[in-house]
A.B. asks: 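Quick one: this structure, given as structure tokens, is what I'll be asking you about.
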Amino acid sequence: EDVPEGKMDTDEDGDGDGDGDNDKDKTPKVDNEILATYYNNRAAASTMILQYDEAVSDCDEAIKLKASFLKAYIRKAKAQVCLGALSEATATLNRSAIYDPNNASIMQQKSEIEKLQERLVLARDLLSKSLSSTSRDTSKSTSTFPPFPLPSMRDASQALKQLTLVIASCPAWREILIEKTKALIALHKTDEAYTISTNLIRSNYSNNSTLMLYRAYALHTMGNLDDAMKHLRQILSTDPDNKAAFAFRKILKALGGKKEEGDTFYKARRFDEAAQAYGAALDLTGCVAMYRAKLYFNRACAHANLRQHDNVVLDCTLAIRLDKEYVKAIMRRASSYILLGEEEHCRKAMQDYERAFGLAEKRGDDTQQKELKRKMKEAQVALKRSKQKDFYKTLGVTRDATESEIKKHYRKSALKWHPDRHANSTDEEKAKAEKVFREINLAYEVLSDPSKKAKYDSGVDVEDLDNPHAGQGCQGGHAGVDPNVMFEMFMRQQSASRGGGRGGMPGGFSRGGAMPGGFRFG
């Protein structure tokens with residue numbers, strides 16, 4: 001009697017016990033074809049949970065049991081494609097074709113693999129190209145950087161498109177992500193490149209020197225030079241002859257050294273030298289992207305301490321172009337806009353603070369949001385003040401001028417426009433001099449009095465500065481003092497602080513008389 005397919009032979013050994021086996025081995029025998037089916041079914045389950053290596057192993061077991069098992073061959077080839085083993089998948093399908101040369105599924109899968117291989121060849125060819133010396137950016141900071149070949153952005157973009165299609169069909173192929181990382185770096189998408197490199201390191205690719213080199217580059221362009229240096233040292237510890245890593249480390253070492261020099265000057269409050277050191281670092285090879293933005297911001301801070309606010313605005317603007325979410329640079333620029341004081345500057349300060357507030361809101365930073373609300377109110381006051389008389393501009397000082405600077409510029413301006421100096425001028429010139437002289441003295445009256453200055457800076461109207469209920473503080477200063485009297489009072493104070501005078505006004509000055517050093521009005 002025929003034994004049903006996949007069933008056990010009930011008495012194969014003829015001993016009459018019906019177990020189909022010898023007495024020493026009571027384990028029933030399973031038909032090879034049934035067992036092959038079990039392996040193939042388990043391979044299908046492994047594929048569904050993305051365990052492609054296990055799927056390939058089970059398909060191999062199924063094929064051992066049944067050499068003509070086409071479903072196992074096809075399933076194995078699909079799993080191999082997912083793993084990126086394209087050549088191996090083609091070989092698997094070629095072996096299966098022995099049993100059915102015209103099988104449509106086999107032929108279709110082979111065609112799909114060939115297309116993937118063509119895409120991969122094209123992508124690798126594009127990535128292997130590098131910018132020629134004539135097409136490279138020839139600026140000092142990027143002429144020989146990075147120290148490993150990168151394709152043009154056009155080639156990198158085309159390569160990335162091809163790689164994306166291949167990766168979609170080969171989701172478990174980890175090595176191809178290293179090539180994607182290179183394409184992303186060439187496209188300046190360093191954040192994404194860094195994320196991919198992090199995932200690969202977690203998948204035990206930390207010893208891949210090419211990956212670590214790309215990751216070091218990504219870290220540096222993100223502004224993290226210290227971690228970039230750590231990665232390069234790691235590469236060189238296992239591969240001392242790695243020329244790209246050695247050259248890269250040399251570039252970053254020089255760059256970091258110059259920045260540290262600037263930091264040292266800054267901490268010592270030698271701001272002019274700090275600005276020069278940061279400028280020198282900006283000219284070095286390898287000063288790119290977010291690291292370059294940091295150096296622009298650092299130099300802006302040095303300029304701010306030197307009260308060179310036009311330079312602050314320029315450097316912060318350059319930093320923001322490189323990092324559109326650089327909140328510190330946005331806020332620093334806004335502060336300098338306010339100190340510059342023109343109406344247009346104040347409007348730009350408002351825009352900057354609103355932009356920074358949006359970024360703080362996006363990050364959920366409540367503390368910074370509160371600070372920025374206060375800053376926006378200050379900018380509104382500054383905008384209002386910019387439409388009124390600008391006493392700082394009248395004296396030729398910045399809004400962060402010190403008391404001594406205010407006195408110095410007042411003296412210089414008052415001497416220049418004192419009516420006695422214009423005694424022999426035309427009536428029109430005399431009228432102008434008297435008007436300017438009055439404005440200079442009014443400006444000094446306000447800015448030399450802490451109470452009035454505080455009110456003025458807080459946006460109180462000029463005509464309300466003597467009002468004790470306007471703003472904060474109390475009335476004081478030189479309300480209603482004649483400009484000439486105020487000037488004489490100022491000169492006497494200056495003379496007293498220097499230890500005496502020579503009659504008349506301090507320093508020998510008298511209306512129509514001599515100025516120190518033989519200078520005479522009129």
Side-chain angles (χ1 to χ4, degrees), residues 43 46-48 50-53 55-56 59 70 73-97 101-132 135 146 148-205 208-215 217-218 244:
S46 295
T47 299
M48 292 179 68
L50 311 182
Q51 294 180 352
Y52 302 110
D53 286 315
V56 170
C59 287
L70 292 183
Y73 282 109
I74 293 172
R75 179 160 283 122
K76 177 184 176 181
K78 287 181 177 179
Q80 287 174 318
V81 169
C82 290
L83 291 166
L86 301 181
S87 297
E88 293 84 343
T90 299
T92 297
L93 294 173
N94 286 338
R95 287 195 296 272
S96 69
N102 299 317
N103 184 285
S105 295
I106 294 173
M107 294 174 67
Q108 179 182 353
Q109 194 167 345
K110 285 180 66 176
S111 176
E112 291 173 356
I113 293 173
E114 287 175 2
K115 289 179 181 178
L116 290 174
Q117 289 174 320
E118 289 172 0
R119 293 186 185 281
L120 187 60
V121 169
L122 175 59
R124 286 174 172 168
D125 181 57
L126 290 167
L127 289 176
S128 67
K129 296 179 180 179
S130 61
L131 292 169
S132 65
S135 63
F148 47 84
L150 281 178
S152 67
M153 292 188 68
R154 179 181 177 182
D155 288 341
S157 179
Q158 292 177 352
L160 184 59
K161 289 178 182 178
Q162 300 301 321
L163 290 173
T164 300
L165 293 170
V166 173
I167 291 169
S169 298
C170 310
W173 192 4
R174 308 301 289 168
E175 288 86 349
I176 197 173
L177 295 178
I178 298 176
E179 293 170 273
K180 182 179 180 180
T181 300
K182 182 178 183 179
L184 291 170
I185 286 175
L187 291 169
H188 308 303
K189 297 182 178 180
T190 48
D191 285 347
E192 191 175 347
Y194 175 76
T195 299
I196 291 175
S197 70
T198 299
N199 293 332
L200 286 171
I201 286 175
R202 291 171 181 169
S203 301
N204 298 320
Y205 281 84
N208 187 296
S209 60
T210 300
L211 173 65
M212 297 303 285
L213 187 64
Y214 295 157
R215 182 176 170 84
Y217 178 82

A.B. asks: If you take all heavy atoms of Asn103 and Ser105, which pair is closest and at what distance?
C.D. replies: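 Where Asn103 meets Ser105 most closely, the heavy atoms are OD1-N, 2.9 Å.
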A.B. asks: With side-chain contact (heavy atoms from CB on, under 4.5 Å) as the criterion, how do Arg215 and Ile201 come out once you've worked through the C-alpha distance, each side chain's angles and the decisive distance to 0.1 Å?
C.D. replies: CA-CA 10 Å; Arg215 182 176 170 84; Ile201 286 175; 3.3 Å; yes
A.B. asks: Between Thr164 and Lys161, is a side-chain contact (heavy atoms from CB on, under 4.5 Å) present by the stated rule, with each step listed?
C.D. replies: CA-CA 5 Å; Thr164 300; Lys161 289 178 182 178; 5.7 Å; no
A.B. asks: Determine the sole option in Leu211, Thr195, Asn208 for which the side chain to side chain contact (heavy atoms under 4.5 Å, CB included) test with Leu200 is passed.
C.D. replies: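 Exactly one option meets the side chain to side chain contact (heavy atoms under 4.5 Å, CB included) with Leu200, and it is Leu211.
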A.B. asks: Please step through side-chain contact (heavy atoms from CB on, under 4.5 Å) for the pair Leu120 and Leu163, ending with a clear verdict.
C.D. replies: CA-CA 7 Å; Leu120 187 60; Leu163 290 173; 4.3 Å; yes
A.B. asks: Do you see a donor-acceptor pair shorter than 3.5 Å between the side chains of Gln158 and Gln162?
C.D. replies: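 Distance-only check fails for Gln158 and Gln162.
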A.B. asks: To the nearest 0.5 Å, what is the distance between OG on Ser96 and CZ on Arg75?
C.D. replies: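 Ser96 atom OG to Arg75 atom CZ measures 13.5 Å (nearest 0.5 Å).
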A.B. asks: Nearest 0.5 Å please: distance from the CD1 atom of Ile185 over to the OG atom of Ser197.
C.D. replies: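 So the CD1 of Ile185 and the OG of Ser197 are separated by 8.0 Å.
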A.B. asks: For Met107, is there any backbone N or O sitting under 3.5 Å from a side-chain donor or acceptor partner on Ser111?
C.D. replies: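 Pair absent, no side-chain N/O of Ser111 close to backbone of Met107.
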A.B. asks: How far does CZ of Arg95 sit from OG1 of Thr92, to the nearest 0.5 angstrom?
C.D. replies: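 Rounded to the nearest 0.5 Å, the CZ-OG1 separation comes out at 4.5 Å.
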A.B. asks: Do Arg154 and Leu126 have side chains that get closer than 4.5 Å, going by heavy atoms?
C.D. replies: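 In short, these two side chains do not touch, never coming nearer than 4.5 Å.
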A.B. asks: Nearest 0.5 Å, what's the CG-CG distance between Leu150 and Asp155?
C.D. replies: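 That separation rounds to 11.5 Å.
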A.B. asks: Here's a test for you: under side chain to side chain contact (heavy atoms under 4.5 Å, CB included), which of Val56, Leu86, Thr90 qualifies with Gln80?
C.D. replies: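 Testing Gln80 for a side chain to side chain contact (heavy atoms under 4.5 Å, CB included) against Val56, Leu86, Thr90 leaves exactly one candidate, Val56.
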A.B. asks: Return the minimal non-hydrogen interatomic distance between Ala186 and Met153, and the atom names on each side.
C.D. replies: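 Scanning both residues completely, I find the closest heavy atoms to be O-CG, 3.5 Å.
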A.B. asks: Can you check whether Trp173 reaches Leu83 side chain to side chain, under 4.5 Å on heavy atoms?
C.D. replies: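 No, too far: nothing below the 4.5 Å cut-off.
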A.B. asks: Looking at Thr190, Asp191, Ile196, Thr198, which one forms a side chain to side chain contact (heavy atoms under 4.5 Å, CB included) with Tyr194?
C.D. replies: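 In the set Thr190, Asp191, Ile196, Thr198, the residue that makes a side chain to side chain contact (heavy atoms under 4.5 Å, CB included) with Tyr194 is Thr198.
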A.B. asks: Do the side chains of Ile106 and Lys110 get nearer than 4.5 Å, heavy atoms only?
C.D. replies: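 Sidechains of Ile106 and Lys110: in contact.
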A.B. asks: Please report the interatomic distance NZ(Lys76) to SG(Cys59), rounded to the nearest 0.5 Å.
C.D. replies: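 Taking NZ in Lys76 and SG in Cys59, the distance rounds to 8.0 Å.
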A.B. asks: Does Leu127 offer a backbone N or O that forms a donor-acceptor pair with the side chain of Lys182 under 3.5 Å?
C.D. replies: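 Flag set: sc Lys182 to bb Leu127 pair under 3.5 Å.
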A.B. asks: Would you mind reporting whether Lys78 and Val81 have side-chain heavy atoms less than 4.5 Å apart?
C.D. replies: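 No, every pair of side-chain atoms sits at 4.5 Å or beyond.
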A.B. asks: Rounded to the nearest 0.5 Å, what separation is found between the CD1 atom of Ile113 and the CD atom of Glu118?
C.D. replies: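 One finds 12.5 Å between CD1 of Ile113 and CD of Glu118.
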